[in-house]
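Here's the structure we're looking at; comments come further down.
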Amino acid sequence: MDLENIIKWCKKCELYKTCNSPIMWDGNFNSKILFIWEAPGAEEDIQWKPFVWRSGKVLTKILEWIWFYRQEDYYITNIVKCRPPENRDPKKEEIQACSPYLLEQIIEWKFKIIVTLWRFSMNFFMSNLKISQDRGKILKLNEFNWHTFDEDIYLLPSYHPAVALYSPSKIDIIRKDLEQLKELREKLF
Ligand code: URA
Ligand code: SF4
């Protein structure tokens, strides 16, 4: 059974009981660039697509400013595929239950650059990182004891795009973080 079908029927954590359905991913799976956020929100749960509501739209816009288009240049998913009730933060055990799907995605589609948005996906890969100190840095996963993958994979942590809604000055910071993707992409592939 393919991963999409497995996730569709998954009952590995409690979230399957309250969400409409798991939200898988969107974008170009061959792009080698993967964005990982947190968990779907209410509107994603209705539209059955990740990153479609307000903060998702801001992120999409910022990426378009730097000429990155969803159906061509990147792929997006969440660390937890089902919407948590009332949009609460995902729990540790939910991340633990759902993250093997994420790892399978990374291996299957051979992603080389991972952009984590906010702390849940960042701390899944590197538990000691802090957004305030480490966002905008380009880090190598295998230097942080990640030997699950064959090849070098780079990690770029950035903010939760919702900060751009409440504090427009952060838009420039997110944009600068993400502009590094161009150079990295040219260097790597
Ligand atoms: N927030 C997330 O973390 N993921 C989405 O898909 C939408 C909002
Ligand atoms: Fe399964 Fe992930 Fe949904 Fe939990 S959040 S039920 S682990 S797909």
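Excluded from the calculations below are hydrogen atoms, water molecules and symmetry mates; all remaining heavy atoms, backbone and side chain alike, are included. Keep in mind that what you see is a predicted model, and the values were worked out from it rather than measured. Read the numbers this way: they start at 1 and go in the same order the structure lists the ligands and their atoms.
- Asp45 places a side-chain N or O within 3.5 Å of a backbone atom of Asn20 that can act as its donor or acceptor partner.
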Might you work through the side chain to side chain contact (heavy atoms under 4.5 Å, CB included) test for Leu129 and Leu139, ending with a clear yes or no?
CA-CA 11 Å; Leu129 296 189; Leu139 306 157; 3.6 Å; yes

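- Distances between N or O atoms of Pro40 and those of ligand 1 include no value under 3.5 Å.
- The local environment of CH2 in Trp48 is sparse, with at most 12 non-hydrogen atoms from other residues, nucleotides or ligands closer than 6.0 Å.
- Atom 2 (Fe) of ligand 2 has no N, O or S atom of Cys13 under 2.8 Å away, backbone or side chain.
- Every atom of ligand 2 is numbered from 1 in the order shown, and the set under 4.0 Å from a heavy atom of Cys98 is 2 (Fe), 5 (S), 7 (S), 8 (S).
- Looking at Glu179 and Arg175, a side-chain N of the basic residue comes within less than 4.0 Å of a carboxylate O on the acidic one, giving a salt bridge.
- The contact set between ligand 2 and Tyr16, taken as ligand atoms under 4.0 Å from a residue heavy atom, comprises 6 (S).
- Of all atoms in ligand 1, numbered sequentially from 1 with element shown, those under 4.0 Å from a heavy atom of Glu38 are 3 (O).
- Checked against a 3.5 angstrom limit, the closest N/O atoms of Ala39 and ligand 1 fall inside it.
- The shortest contact between atom 3 (Fe) of ligand 2 and any protein heavy atom is with Cys82 SG, 2.4 Å.
- Of all atoms in ligand 2, numbered sequentially from 1 with element shown, those under 4.0 Å from a heavy atom of Val80 are 5 (S).
- Remark: Gln133 CD is packed, more than 12 non-hydrogen atoms of other residues, nucleotides or ligands lying under 6.0 Å away.
- The Pro50 neighbourhood of ligand 1 comprises atoms 6 (O), with distances under 4.0 Å to a heavy atom of that residue.
- Within the 3.5 Å criterion, the main-chain N or O of Lys32 finds no donor-acceptor partner in the side chain of Lys112.
- Within a 6.0 Å radius of CD in Glu183, other residues, nucleotides and ligands contribute 12 heavy atoms or fewer.
- The closest approach between Ser55 and ligand 1 stays at or above 4.0 Å for every heavy atom of the residue.
- The backbone N or O of Ala42 lies less than 3.5 Å from no partner atom in the side chain of Trp53, so there is not a single donor-acceptor pair.
- At a 4.0 Å heavy-atom cut-off, ligand 1 touches Glu44 through the side chain alone.
- Listed by number with element, the atoms of ligand 1 under 4.0 angstrom from any heavy atom of Asn78 are 2 (C), 3 (O), 4 (N), 5 (C), 6 (O).
- At least one test fails for Lys81 against the ring of Tyr101: distance under 6.0 Å to the centre or angle within 45° of the axis.
- At a cut-off of 2.8 Å, Cys10 coordinates atom 1 (Fe) of ligand 2 through an N, O or S atom.
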